[in-house]
Peer 1: 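This is the structure I want to talk about, given as structure tokens.
Chain A is the first sequence line, chain B the second, and so forth, proteins listed ahead of strands; every chain is numbered from 1.
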2 protein chains.
Amino acid sequence: MQKQPTIRDVAQAAGVSVAVVSRVLNPGSGPVAAATRGRVNEVMKNLGYHPRTAARELKYGPPTTLGLLLADVSNPFFARLADRVVQEAHSRGIQVLLMTTQEDDQLESERLATLIERRVSGIIATPTGNNLATWKQLQDLGTEVVFVDRSIPSLPEVDVVSIDNFESARAATALLAAHGHRRIGIISGPASSTTGRDRIAGYRQALETAGLEPDELLIRHAAFRGPAGGDAASALLNIEEPPTALVVANTAQVTEVLRRLSHAGIDIPGRLSVIVFEDSPWTELMTPALTIVKQPIDLLARHSVQLALSNTQGKTSEKRNVIRVAAELVERSSVARLQLSK
Amino acid sequence: MQKQPTIRDVAQAAGVSVAVVSRVLNPGSGPVAAATRGRVNEVMKNLGYHPRTAARELKYGPPTTLGLLLADVSNPFFARLADRVVQEAHSRGIQVLLMTTQEDDQLESERLATLIERRVSGIIATPTGNNLATWKQLQDLGTEVVFVDRSIPSLPEVDVVSIDNFESARAATALLAAHGHRRIGIISGPASSTTGRDRIAGYRQALETAGLEPDELLIRHAAFRGPAGGDAASALLNIEEPPTALVVANTAQVTEVLRRLSHAGIDIPGRLSVIVFEDSPWTELMTPALTIVKQPIDLLARHSVQLALSNTQGKTSEKRNVIRVAAELVERSSVARLQLSK
DNA sequence: ACATAAAAGTGTACCGGTTCCACTTATTTT
DNA sequence: AAAATAAGTGGAACCGGTACACTTTTATGT
């Protein structure tokens, strides 16, 4: 284990001053004779020299690191988002520090503290909904904060990138109504989350447009983690007048819900039509292939990274950015047309 | 956007020297009177002071950051691995820099350069198989390198954590043989990858034990990305004497293969029995529920992090570590017992 | 009370880069 | 040919922490 050469070692070996080496390292920061540049480069290669990022960052804050704070990377939606964010960031020469909260605000708080200490230039996050003061502090410190997928209404000054939750749930519900369903259930995220609430709101809107009376028994909020989604599904199946159609608007709970339906021996779409907010490849492989609401993850990632870096890149737009991208309703085979026998 | 207070600001406001503040920051590094400690903490809180990691890292290399270099986080296997690695690292106060290679050795090379500049203490990676010199350099520099899932045979000094690829493929193949299958196909990773090769080797071993003659037409290597798996599946279905059973040992290509089988209208397990290397929840939701080889991702993650940090934590074990954990064959409904009509 | 030891606190060099400014040497202008 | 300008290089301060060597204060023992 050899010890790393420093810029001074390079300077000495090349017979120049450290200032010159630094200029070679940062083209455009000053003039260097072509011959000198070549010699220095040669020496750097021979010595296996790599400038140390930590030292570099000490002088000026690091626009080279982004924090990506997600609830849970084992959720395919977040995993794909992470993948795209990382790619997008790399294409701009930015690195990504990945952190997870497990939807736990205490953990979130610790992660945020770390990100502050790292002086990351931007943070892309799916907030738990708490730690308001910390989020505010981050912004005051000049860190560009971008909420993705969800947001926190009481932090109206933070940028947000998400799909149009209201509209996508409305469209899904409207599709079911158009197929003749009158008892339409929905399982959404917790009421404390914006996605959870907004999707329910879209659902209600669709019911109203279709002239259907909302039944609170058909509306379920479920936590993102644990068996909550499955329990909600079971509960829905056991009410007096069970639904003939179900919107699973809680992405993290889709497999839980489907598992429960499967164990209960529910025929899809014969007994229950289903639309899920989830566009993993497997939704197409199921029997029947699931009708889904597809989130344009690429766009979410691209916009998030762009916003998270916008401040750093100089063009500090003073006003807040809210980007809503459209989700796509992909019709497959899990929605049945109901015979109107009444 | 206020500018950040430094340790000197804190020292001045608290009426002490920077050394004392530093001691408060690093308990155990020296004596501080309880009253002083309280006062300094108070001032730090009021000023919103957070010590800057970059400055801290400058003096001693950072055992606070790990590099996680994966092929692709949108692959559920890697996603879950990332999730566990991040959790495991966080529980030890370590941060994770996530990078992806898209199986491209050029990109891998660039990512490695970045990791060198960051002086990360350890790297957990799924190597593409190239960049041998860089991997070696990393080790010489004292970076703890751990290959996970795959390895590079020509780098025998690098730690490896993976499942027993040979044995898991052997077991899967043996199960099919025990169910009476004599034409067993396999789609594995590329021949350039250790997983690709080792699983094929296990497959051959199982055939031999079962007294079956290997047929090269039934053995397919497919790239991890793109439509290669699907193409391999199609090819297998179109040979003169097609298989009655298939092992999909290329995790990244499982959905591709299944999609192709589905489009071809293949009845599983009626016409083709299937075992896949993939344990996402959806494999249980399929009709029929898939028989799978389940990788103990928790263990892989835990061991990887442990090894990646072992050097740093002082206990420099001079010899190389190779950790092989057992995969579990979970029998469900996608394997049919064949009537031996011959 | 007085020596002595332990505790508390301070000053400052250092980590490895970047950059400002001064300085020397070449090149151009008139 | 002298003066002005540009190009190339070097010296040293600085970024924000850490830790060593040292001084001052407080506690302990007889």
Peer 1: For DNA chain D, whose closest nucleotide is more 5', that of S29(B) or that of V32(A)?
Peer 2: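 Result: V32(A).
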Peer 1: Using atom names, set out every protein N or O paired with an N or O of nucleotides 21-27 of chain C below 3.5 Å, distance rounded to 0.1 Å.
Peer 2:
none

Peer 1: Could you state the CG-P distance from N26(B) to dC20(D), rounded to the nearest angstrom?
Peer 2: 12 Å
Peer 1: Using a heavy-atom cut-off of under 4.0 Å over every strand shown, decide if T36(A) touches base, sugar-phosphate, or nothing.
Peer 2: sugar-phosphate
Peer 1: With sequence neighbours excluded, tell me which residues meet side chain to side chain donor-acceptor pair (under 3.5 Å) with R37(B).
Peer 2: none
Peer 1: Going by side-chain contact (heavy atoms from CB on, under 4.5 Å), name the residues that satisfy it together with A71(B), two or more places apart in sequence or in a different chain.
Peer 2: F78(B), T101(B), E103(B), T126(B), R150(B)
Peer 1: Can you check side-chain contact (heavy atoms from CB on, under 4.5 Å) on Q139(A) and E157(A), steps first, answer last?
Peer 2: CA-CA 9 Å; Q139(A) 280 209 314; E157(A) 66 279 11; 3.0 Å; yes
Peer 1: Counting N and O atoms only, with roles assigned by atom type, does the side chain of S304(A) sit under 3.5 Å from a partner on the main chain of L300(A), one being a donor and the other an acceptor?
Peer 2: yes
Peer 1: Step through the shown structure and confirm whether more than 12 heavy atoms of other residues, nucleotides or ligands are within 6.0 Å of CD on E117(A).
Peer 2: yes
Peer 1: Under the side-chain contact (heavy atoms from CB on, under 4.5 Å) rule, what do N26(B) and R56(B) come out as? Steps first, then yes or no, please.
Peer 2: CA-CA 11 Å; N26(B) 306 60; R56(B) 209 172 239 175; 3.9 Å; yes
Peer 1: Under 4.0 angstrom, heavy atoms only, what part of the nucleic acid is A33(A) near: base, sugar-phosphate, or nothing?
Peer 2: sugar-phosphate
Peer 1: Examine dA19(D): is either OP1 or OP2 under 4.0 Å from a nitrogen or oxygen in the side chain of Y60(B)? Give yes or no.
Peer 2: yes
Peer 1: Distances under 3.5 Å between protein N/O atoms and the N/O atoms of nucleotides 13-16 of chain C, please, pair by pair.
Peer 2:
residue: dC14(C); atom: O2; partner: K59(B); partner atom: NZ; Å: 2.9
residue: dG16(C); atom: N7; partner: R8(A); partner atom: NH2; Å: 3.3

Peer 1: Take the protein atom CD of E57(A) and the nucleotide atom C1' of dT19(C), then report the distance between them rounded to whole Å.
Peer 2: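 Atom CD in E57(A) sits about 18 Å away from atom C1' in dT19(C).
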Peer 1: Nearest whole Å is fine: how far is dT18(D) P from E117(A) CD?
Peer 2: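 Interatomic distance, CD of E117(A) to P of dT18(D): 10 Å.
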Peer 1: I want to confirm an ordering. Mapping P31(B) and L25(A) to their closest nucleotides on DNA chain C, which one lands closer to the 5' end?
Peer 2: P31(B)
Peer 1: With salt bridge (Lys or Arg N to Asp or Glu O under 4.0 Å) as the rule and sequence neighbours excluded, what pairs involving residues 9-31 of chain A come up?
Peer 2: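 Qualifying pairs, neighbours excluded: none.
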Peer 1: When all nucleic acid strands are considered with a 4.0 Å heavy-atom cut-off, which category describes V20(A): base, sugar-phosphate, or nothing?
Peer 2: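 The answer is sugar-phosphate, as V20(A) gets under 4.0 Å only of primed atoms, P, OP1 or OP2.
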Peer 1: Test your reading of the model: is there a side-chain donor-acceptor pair from D159(A) to the backbone of N321(A), 3.5 Å cut-off?
Peer 2: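 Side chain of D159(A) to backbone of N321(A): a pair is present.
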Peer 1: Report, one line per pair, each donor and acceptor closer than 3.5 Å where one atom sits in a side chain of residues 81-91 of chain A; sequence neighbours left out.
Peer 2:
residue: D83(A); atom: OD1; partner: V73(B); partner atom: N; Å: 3.0
residue: D83(A); atom: OD2; partner: Q87(A); partner atom: NE2; Å: 3.2
residue: R84(A); atom: NH2; partner: D298(A); partner atom: OD2; Å: 3.4
residue: Q87(A); atom: NE2; partner: Q102(B); partner atom: OE1; Å: 3.2
residue: H90(A); atom: ND1; partner: R111(B); partner atom: NE; Å: 2.9
residue: H90(A); atom: ND1; partner: R111(B); partner atom: NH2; Å: 3.4
residue: S91(A); atom: OG; partner: E88(A); partner atom: O; Å: 2.7

